[in-house]
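Read through the structure below, which is laid out as structure tokens, and then see the notes.
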Amino acid sequence: MSQCSPPLDLQKCIEAATNCACFNFRKASRAVTQLFDDALQPTGLRSTQLVILIAAAVFEGVSVSRLAKELVMDRSTLTRNLRPLERRGLILLESGKDERTRLVRLTPAGQTDLAAALPVWEQAQLQFQEKLGDERWKQLLASLGATVEVAHDSR
């Protein structure tokens, strides 16, 4: 005898799409990512790769674990995202003092590509901020910071 599934409550789905923090943050994240991916296309970098290169530059010689924590990423996801950058010669993964520790360093090619991408990023960032407006941009930054804190505290 086959079991029937309960009927889908379409109103609850609409409510979830309208009010769900995860649904709406993912939607906004995809939209912003697409905007920056389009702008960065001439550089050959995706926005996710640019963020990793920036973090690698800021935290030079950082462990993969620390970099994952700084980027609020799962370590295995970060490792998967580092591989194409390593294959392109933009980063170097080296052993730390402990063989289990891997350190992330920008290579000279990574520094060159990052330096070339930053003006492109800056233009896209300025256009985004201008369209949003200074006050809404400041509010958004504050809200995003608070959101990260709340999400971390809720785990």
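Predicted, not measured: the structure shown is a model, and the values here were computed from it. We use all heavy atoms of the structure for the numbers below, so side chains are in, but hydrogens, waters and symmetry mates are not.
- Under the 4.5 Å side-chain heavy-atom criterion for ILVMFWY residues, a single connected hydrophobic cluster contains both V64 and V58.
- For the residue pair G44 and R88, the shortest heavy atom distance occurs at O-NH1, 2.8 Å.
- Residue R105 qualifies as enclosed at atom CZ: its count of foreign heavy atoms under 6.0 Å is above 12.
- Within the model, atoms CG of L82 and CG of L92 stand 11.5 Å from one another, a figure rounded to the nearest 0.5 Å.
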Does the pair Q125 and Q129 meet the rule for a side-chain hydrogen bond (donor to acceptor under 3.5 Å, both in side chains), with working shown? CA-CA 6 Å; Q125 178 69 24; Q129 280 181 240; 2.9 Å; yes
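- Put simply, L118 and F128 are part of the same group of oily side chains (I, L, V, M, F, W, Y) that touch within less than 4.5 Å, one to the next.
- Sparse packing is recorded around CD of Q41, with 12 or fewer heavy atoms of other residues, nucleotides or ligands lying under 6.0 Å away.
- A 4.5 Å side-chain heavy-atom check between N81 and M73 finds at least one atom pair inside the cut-off.
- We find the CD-CD1 distance between Q49 and I91 to be 10.0 Å, quoted to the nearest 0.5 Å.
- Of all non-hydrogen atoms in P119 and A116, the two that sit nearest each other are CD-O, 3.4 Å.
- Put simply, CG on D134 and CH2 on W137 are 10.5 Å apart, with the number rounded to the nearest 0.5 Å.
- Of all heavy-atom pairs spanning L53 and L114, the tightest one is O-CD2, 3.7 Å.
- Here CG of L71 is found 11.5 Å from OG1 of T77. Values are rounded to the nearest 0.5 Å.
- Linking Ile, Leu, Val, Met, Phe, Trp and Tyr whenever their side-chain heavy atoms come within less than 4.5 Å puts L140 and V51 in one cluster.
- The minimum heavy-atom distance linking G61 with L103 is given by the pair O-CD2, 3.5 Å.
- Within the 3.5 Å criterion, the main-chain N or O of G89 finds a donor-acceptor partner in the side chain of T107.
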Check step by step if side chain to side chain contact (heavy atoms under 4.5 Å, CB included) holds for T43 and D113. CA-CA 8 Å; T43 71; D113 281 13; over 6 Å; no
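- Neither V148 nor I52 shares a network with the other; the hydrophobic side chains, linked directly or stepwise wherever heavy atoms of I, L, V, M, F, W or Y lie under 4.5 Å apart, form separate groups for each.
- Closest non-hydrogen pair, S95 versus R102, comes out as OG-NH1, 3.5 Å.
- Here R100 contributes atom CZ and S65 contributes atom OG; the two are 10.5 Å apart, rounded to the nearest 0.5 Å.
- Side-chain atoms of D37 come within 3.5 Å of backbone atoms of S47 as a donor-acceptor pair (strictly under, hydrogens ignored).
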Could you go through E70 and V62, starting from their C-alpha distance and side-chain angles, then the distance that decides it, and tell me whether this counts as side chain to side chain contact (heavy atoms under 4.5 Å, CB included)? CA-CA 10 Å; E70 294 294 336; V62 67; 5.7 Å; no
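- Not a single salt bridge (Lys or Arg N to Asp or Glu O under 4.0 Å) links D9 to another residue, sequence neighbours left out.
- Taking both residues in full, the closest heavy atoms of L144 and F25 are given as CD2-CE2, 3.9 Å, listed atom of the first, atom of the second, then distance.
- By the criterion of side-chain heavy atoms lying less than 4.5 angstrom apart, applied directly or through intervening Ile, Leu, Val, Met, Phe, Trp or Tyr residues, V104 is not grouped with V72; the two fall into different hydrophobic clusters.
- Between the side chain of N24 and the backbone N or O of T18, at least one donor-acceptor pair lies under 3.5 Å.
- No side-chain heavy atom of Q111 sits less than 4.5 Å from a side-chain heavy atom of L90.
- One finds the CZ atom of F59 at 11.0 Å from the NZ atom of K69 (value rounded to the nearest 0.5 Å).
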